[in-house]
Structure formats: structure tokens, C-alpha cells
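Report on one structure; see the data block that follows.
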Amino acid sequence: MDNALVESLIDRDWPAFVRACRVMAVGTPERHGQVIRIRCMPSGTDTAYLAILDCDGYNAVAPLLQFANPDNPLQTGREWWPHMANAPFNNIEIDGRHIPILCVKGTRGYHLHPSHCNEAHDRSTWQLVASATILHRLLHTWGPHQGRGV
């Protein structure tokens, strides 16, 4: 997908996403091109996390949700995810890497997972505002917090 088009689509959805993150107590998003970083804290803990939304191909495909080392955003992996007791965790292989996913509509992992890849969903399912809602659910409703790592 054309990078300029992706950037313009993110620009279009950015203000609503920032508002949604604020209202839902997710955190304050920072944008770095097609990558969005959100420092966040799940309910029931004072442990900081760093959510990463990789929005390459945005609007044609859902953002890829990952978590990273809060001190080094380039270090991603299951050890950096918040483990919430009732979150629908799963995993998938993407680009030769086994990564954790939330098995919910609106995340790239869900839509690529073999059990869901044939489903058809409207693109609104994975707009940035939907990503804010998914993060809210993970951080504040799928608890209690069980520590770091899934």
C-alpha cells in the first residue's frame, strides 16, 4: 500500500484516536510515522507498559498490536505484554516470528489467524478508535493484572 496514502488515513483518524485514548484512560499516544506508541498502565498495578500499534498498510489491514520494553521500544515480545487474567490471548506466526495476539476483531493477529482468516469484516472494525477500545478492554476490563509476560 502506498505510504503517503497510509499516512493520510492515519492523519484522518488521529484526532478521534487521541480523544478515545484519553477518555478511556488508555494513555497518550505518540506517533512515529506509521508506528504508534502508547505508554499505559493496567488497572490494579503501577507497572508501566508500552503498547505499539504498527499501522503499516493501515485501512487495508488492521494495526498489529505488540508490547515493547518501556525503556527500549525496539525490544518487543511476549515478555513485555501485560498478563491480564481474562484476556483472550493466542499466538500466531508473522514474518517467521511467533508473537502473542489478542484474539479479538480489530487486531491484525486476529484477522490473520487460521481460525479467522476467512471471515469478512468491514474496515471500520480496525480503525484506530477501535484499537483504543481494544486497549481499554485489555488494560481495564480483562483483569486482574497477573504481572508482565504472556
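Only this structure's heavy atoms are used, side chains among them; waters, hydrogens and symmetry mates stay out.
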Compare every heavy atom of [Y] with every heavy atom of [X], then report the nearest pair and how far apart it is.
{"X": "Ala68", "Y": "Pro73", "value": "CB-O, 3.5 Å"}
{"X": "His140", "Y": "Met41", "value": "CE1-O, 3.7 Å"}
{"X": "Asn91", "Y": "Arg78", "value": "CB-NH2, 3.9 Å"}
{"X": "Pro82", "Y": "His145", "value": "CB-CD2, 4.4 Å"}
{"X": "Gly96", "Y": "Glu93", "value": "CA-OE2, 3.5 Å"}
{"X": "Gly106", "Y": "Ala62", "value": "O-CB, 3.6 Å"}

Any side-chain heavy-atom pair of [X] and [Y] under 4.5 Å:
{"X": "Glu119", "Y": "His111", "result": "no"}
{"X": "Arg137", "Y": "Val104", "result": "yes"}
{"X": "Trp81", "Y": "Ile99", "result": "no"}
{"X": "Trp126", "Y": "Arg108", "result": "no"}
{"X": "Leu9", "Y": "Arg123", "result": "no"}
{"X": "Arg31", "Y": "Phe17", "result": "no"}
{"X": "Asn59", "Y": "Leu5", "result": "no"}
{"X": "Cys103", "Y": "His116", "result": "yes"}

From [atom1] ([X]) to [atom2] ([Y]), nearest 0.5 Å:
{"X": "Thr133", "Y": "Met24", "atom1": "OG1", "atom2": "CE", "result": "3.5 Å"}
{"X": "Leu102", "Y": "Thr107", "atom1": "CG", "atom2": "OG1", "result": "6.0 Å"}
{"X": "Trp142", "Y": "Ser43", "atom1": "CH2", "atom2": "OG", "result": "13.5 Å"}
{"X": "Arg148", "Y": "Thr47", "atom1": "CZ", "atom2": "OG1", "result": "6.5 Å"}
{"X": "Gln146", "Y": "Asn86", "atom1": "CD", "atom2": "CG", "result": "8.5 Å"}
{"X": "Glu7", "Y": "Cys55", "atom1": "CD", "atom2": "SG", "result": "9.5 Å"}

To which residues is Val35 joined in a hydrophobic cluster, defined by side-chain heavy-atom contacts under 4.5 Å among Ile, Leu, Val, Met, Phe, Trp and Tyr, whether direct or through other members?
->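 Direct or chained contacts put Val35 with Leu50, Ile52.
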Derivation and outcome, ring pair (Phe, Tyr, Trp, His ring centres under 6.0 Å), residues Trp80 and Phe67 | CA-CA 5 Å; Trp80 302 112; Phe67 280 83; over 10 Å; no
Have a look at Pro63 and tell me which of Leu53, Ile10, Ile36 forms a side chain to side chain contact (heavy atoms under 4.5 Å, CB included) with it.
->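 Running side chain to side chain contact (heavy atoms under 4.5 Å, CB included) over Leu53, Ile10, Ile36 with Pro63 returns exactly one hit, Leu53.
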Name of the residue among Leu138, Ile38, Ile134 meeting side chain to side chain contact (heavy atoms under 4.5 Å, CB included) with Val26 |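 Answer to the side chain to side chain contact (heavy atoms under 4.5 Å, CB included) test with Val26 among Leu138, Ile38, Ile134: Ile38.
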Could you tell me whether the side chains of Gln66 and Asp54 share a donor-acceptor contact shorter than 3.5 Å?
->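 Distance-only check fails for Gln66 and Asp54.
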Is there a chain of hydrophobic side chains (I, L, V, M, F, W, Y, each step under 4.5 Å between heavy atoms) that links [X] to [Y]?
{"X": "Leu65", "Y": "Ile92", "value": "no"}
{"X": "Val129", "Y": "Trp14", "value": "no"}
{"X": "Ile101", "Y": "Leu64", "value": "yes"}

Check: Gly27 main-chain N/O paired with Arg39 side-chain donor or acceptor under 3.5 Å |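 Judged by distance alone, no pair lies under 3.5 Å.
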Under the side chain to side chain contact (heavy atoms under 4.5 Å, CB included) rule, what do Tyr49 and Leu139 come out as? Steps first, then yes or no, please.
-> CA-CA 10 Å; Tyr49 288 88; Leu139 298 168; 5.6 Å; no
